[in-house]
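Before any comments, here is the structure.
The chain is numbered in sequence order, starting from 1. Hydrogens, waters and symmetry mates are skipped; everything else that's a heavy atom, side chains included, is used.
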Amino acid sequence: MASGKMTKAEIIERIHQENGIHRGDIHLVIDSLFEILKDGLGKDQVIELRGFGTFEIRTRKGRERARNPKTGDIVPVDTHGVAVFRPGKELKQIAWPLRK
């Protein structure tokens with residue numbers, strides 16, 4: 001199993017090598033995809049990419065008492081949204097058996 005991380009530049013390079021598409025065009029498509037995802041999540045839409053997974057915003061309840069890990073101070077935390085990703089069936093079959 002490969003470890004580490006993969007950057008956007010590495011993804012662009014891999015698509016370029018495998019498909020011969022111009023890097024600038026790939027960059028434009030990826031940036032557009034991210035903007036569409038952010039816009040949809042910002043409008044509280046659930047984004048489903050079949051075979052990959054689902055992105056959505058879930059609400060986390062606020063708390064009166066939470067600790068700032070940097071300073072140790074007790075601070076209130078407002079109710080806020082959190083981006084959540086649920087992997088699809090195909091992604092689970094590929095990724096999760098490898099993590100055992």
Side-chain angles (χ1 to χ4, degrees):
M1 179 172 127
S3 62
K5 64 181 177 180
M6 183 182 295
T7 65
K8 184 167 83 169
E10 291 169 335
I11 293 169
I12 290 170
E13 185 59 31
R14 185 165 168 187
I15 293 170
H16 170 71
Q17 289 175 353
E18 292 178 5
N19 299 289
I21 301 170
H22 188 272
R23 287 179 189 88
D25 294 338
I26 299 165
H27 199 284
L28 182 65
V29 169
I30 288 175
D31 286 345
S32 294
L33 173 65
F34 290 157
E35 286 303 316
I36 291 167
L37 291 173
K38 288 189 287 188
D39 183 54
L41 291 172
K43 294 177 180 174
D44 206 24
Q45 293 178 318
V46 175
I47 300 168
E48 179 182 332
L49 303 173
R50 298 266 167 132
F52 185 70
T54 304
F55 296 91
E56 64 184 305
I57 299 293
R58 290 194 186 152
T59 303
R60 289 205 56 191
K61 261 189 342 186
R63 295 178 283 163
E64 290 184 27
R65 294 175 51 96
R67 190 171 302 276
N68 180 334
K70 190 172 186 178
T71 64
D73 294 340
I74 298 204
V75 295
V77 176
D78 294 334
T79 299
H80 59 282
V82 178
V84 176
F85 173 74
R86 287 181 288 130
K89 181 179 177 183
E90 292 177 31
L91 183 58
K92 282 183 186 177
Q93 290 173 344
I94 293 169
W96 273 255
L98 299 175
R99 295 188 180 264
K100 291 181 180 178

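In this structure Asp39 satisfies the side chain to side chain contact (heavy atoms under 4.5 Å, CB included) test together with Lys43, sequence neighbours excluded. With sequence neighbours excluded, no residue forms a side chain to side chain contact (heavy atoms under 4.5 Å, CB included) with Ile36. Evaluation of the side chain to side chain contact (heavy atoms under 4.5 Å, CB included) rule for Asp44 yields Ile57 as partners, not counting sequence neighbours. Remark: Arg60 pairs with no residue by the salt bridge (Lys or Arg N to Asp or Glu O under 4.0 Å) rule, at least two apart or across chains. For Glu35, the salt bridge (Lys or Arg N to Asp or Glu O under 4.0 Å) partners are Lys38, not counting sequence neighbours. In this view, Glu18 and Arg14 satisfy the salt bridge (Lys or Arg N to Asp or Glu O under 4.0 Å) rule, not counting sequence neighbours. Checked against salt bridge (Lys or Arg N to Asp or Glu O under 4.0 Å), Arg65 has no partners two or more places apart in sequence or in another chain. Residues satisfying the side chain to side chain donor-acceptor pair (under 3.5 Å) test with Glu64, not counting sequence neighbours, are none. Every residue two or more places apart in sequence or in another chain that forms a side chain to side chain contact (heavy atoms under 4.5 Å, CB included) with Ile12 is listed here: Lys8, Arg23, Ile26, His27, Ile30.
One hydrophobic cluster, built from ILVMFWY side chains closer than 4.5 Å, cannot hold both Leu28 and Phe34; they sit in different ones. By the criterion of side-chain heavy atoms lying less than 4.5 angstrom apart, applied directly or through intervening Ile, Leu, Val, Met, Phe, Trp or Tyr residues, Val29 is not grouped with Leu37; the two fall into different hydrophobic clusters. Cluster annotation: Leu91 and Val84 are assigned to distinct hydrophobic clusters (Ile/Leu/Val/Met/Phe/Trp/Tyr, side-chain heavy-atom contacts under 4.5 Å, transitive). Met6 and Ile15 fall within the same hydrophobic cluster, where Ile, Leu, Val, Met, Phe, Trp and Tyr residues are linked whenever their side-chain heavy atoms come under 4.5 Å apart, directly or through other members.
The backbone N or O of His22 lies less than 3.5 Å from no partner atom in the side chain of His16, so there is not a single donor-acceptor pair.
Residue pairs meeting the ring pair (Phe, Tyr, Trp, His ring centres under 6.0 Å) criterion with at least one partner in residues 46-73, sequence neighbours excluded, are Phe52-Phe85, Phe55-Phe85. The salt bridge (Lys or Arg N to Asp or Glu O under 4.0 Å) pairs that include a residue from residues 76-86 are Glu56-Arg86, where partners are two or more places apart or lie in different chains.
One distance of note links CG of Asn19 with CG of Asp25; it measures 12.0 Å at 0.5 Å rounding. Interatomic distance, Thr54 OG1 to Ile47 CD1, rounded to the nearest 0.5 Å: 9.5 Å.
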Anything under 3.5 Å between a donor and an acceptor, one on a side chain of residues 66-77, the other on a protein residue two or more places apart or in another chain? List them.
from	atom 1	to	atom 2	distance (Å)
Arg67	NH1	Gly72	O	2.7
Asn68	OD1	Lys70	N	2.9
Asn68	OD1	Thr71	N	3.4
Asn68	ND2	Thr71	OG1	3.4
Thr71	OG1	Asp73	N	3.2
Thr71	OG1	Asp73	OD2	3.3

